[in-house]
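Inspection log for the structure reproduced underneath, given as structure tokens.
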Amino acid sequence: MEKTWRWFGPNDKITLDMLRQIGVEGIVTALHHIPNGEVWSLEEVLKMKNFIEASGLRWSVVESLPVSESIKYGGADRDELIERYKESLRNLGKAGVTTICYNFMPVLDWARTDLDYPNPNGTTNLYFNLGEFAYFDIHILKREGAEKDYDAETLARMEELRKTMTPEGEKRLVENIIVKTQGFVNGNISENDLDPVQKFRDLLKLYDGIDAKQLRENMAYFLSAIMPVCREYDIKMCVHPDDPPRPILGLPRIVTCDADIEAFLNAVPDPHNGLTFCAGSLSAGAQNDVPALARKYADRTWFVHLRSTEVLPNGDFREASHLGGRADIVELVRIFQRVNPSLPMRVDHAELMLGDEKMGYNAGYSFHGRMKALGQVEGVMAAVDREISEEKK
Ligand code: DNO
């Protein structure tokens, strides 16, 4: 697989020269300065491409070309927004940047409650605490009927938490769940929003009456509309699975498991409609056998995120080592390396370590932690390449 790295543009504290030194081959990035819903002009695309190439790297994957909420919930202006999306795709296609990651998660992209949860070795990482998430939903967001979405054990944990919750604790949950994890992925809420909770409630309202079936139809509508452009420029669209892979905050989620993946691939049966195989997101669903999914969908996978999680019996999950947890990265490398040795792959959500914590990196995107994870994955790739060449003898 091609060793790629998510880089956040010329303002990223991690420079392209640093990445070349650690063995990165391809860059995964987006035009983060262009607001969601606006066209990425050919000029802006080429500017970014040339900037990356000047450092001896290539722009391998766009992550993400964001899909506007209105396309997801089927708003009155969705056709206009789809036309703009197609225009951005054409410009990317003309520039030869043809692997495009996106997601179809309503309102919230990925979700975590804790961004620096301590590990026993002194590093920290991301964590999803279901009790704290329920607290956010029921006591901060005050979503109508939210209690019904949690089991008795989770509600009991939440009550315990309530006894010691402070205003600072509530503020931290808001920041972690809807601000810090969202702003940098071109999300709906940014650090400058004065009342993020109210803004978030207004966004949730947009999905009143939208169930999983309707969301699936809207996704198929979007994909069918963009496929002609994708065919013309050989653009590979690859949807990112939902993280965590389950409905949250009353919102439907439709890329969570085997049946979901099969459904969206079959809804628009064109190879340009494919998957970002995010091993981390999929592994956070106890229902998912991650290597089995990789075997089944490798031929429609255009981009791979390698990371792993551990799911706890109480519904929490944590980021695991890239060599441990539920994802089984060794087996995933065996599968993908055989199918397509040039498939772009990046590591994800690594520890904060050795001073990373002072650098203010985007949540999940440390330097030393990701460098260590990349080294681990490189080692696995070398061993798998040896296995493959021995088989051929
Ligand atoms: C989180 C990321 C996601 C991902 C988008 C793709 O760390 O994996 O934000 O980039 O969902 O559209």
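Order of appearance sets the numbers: ligands from 1, and atoms from 1 within every ligand.
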Check your understanding: Who pairs with Y233 by side chain to side chain contact (heavy atoms under 4.5 Å, CB included), at least two apart in sequence or on another chain?
Key ->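 Here the qualifying residues are R90, K94, V229, I235.
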Practice item. Decide yes or no for N176 and R112: does some side-chain heavy atom of the first lie under 4.5 Å from some side-chain heavy atom of the second? Key: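 No, their side chains stay 4.5 Å or more apart.
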Practice item. Using the six-membered ring wherever Trp is involved, compare the ring planes of H349 and Y365 and label them parallel, tilted or perpendicular (cut-offs 30° and 60°). Key: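 Perpendicular, since the angle between the ring planes exceeds 60°.
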**Study point:** Pair listing, salt bridge (charged side-chain N to carboxylate O under 4.0 Å, His left out) test, anchored in residues 178-188, at least two apart
**Key:**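 Every pair satisfying salt bridge (charged side-chain N to carboxylate O under 4.0 Å, His left out) with a residue in residues 178-188: E175-K180.
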Point to revise | ring pair (Phe, Tyr, Trp, His ring centres under 6.0 Å) partners of residues 287-307, not counting sequence neighbours, each pair once | key: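 Sorted result for residues 287-307: H240-H305, F303-H305.
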Distances only, to 0.1 Å: what are the N or O pairs between ligand 1 and the protein that fall under 3.5 Å?
residue	atom	partner	partner atom	Å
ligand 1	7 (O)	H349	NE2	2.6
ligand 1	7 (O)	Y365	OH	2.7
ligand 1	8 (O)	H240	NE2	3.2
ligand 1	9 (O)	D109	OD1	3.1
ligand 1	9 (O)	D109	OD2	3.2
ligand 1	10 (O)	R6	NH1	3.2
ligand 1	10 (O)	E63	OE2	2.5
ligand 1	11 (O)	N103	ND2	3.2
ligand 1	11 (O)	D109	OD1	2.9
ligand 1	11 (O)	D109	OD2	3.2
ligand 1	12 (O)	S64	OG	2.6
ligand 1	12 (O)	N103	N	3.4
ligand 1	12 (O)	N103	ND2	2.9

Point to revise | Heavy-atom closest contact (Q337 atom, M381 atom, distance) | key: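 Heavy atoms of Q337 and M381 come nearest at NE2-CE, 4.4 Å.
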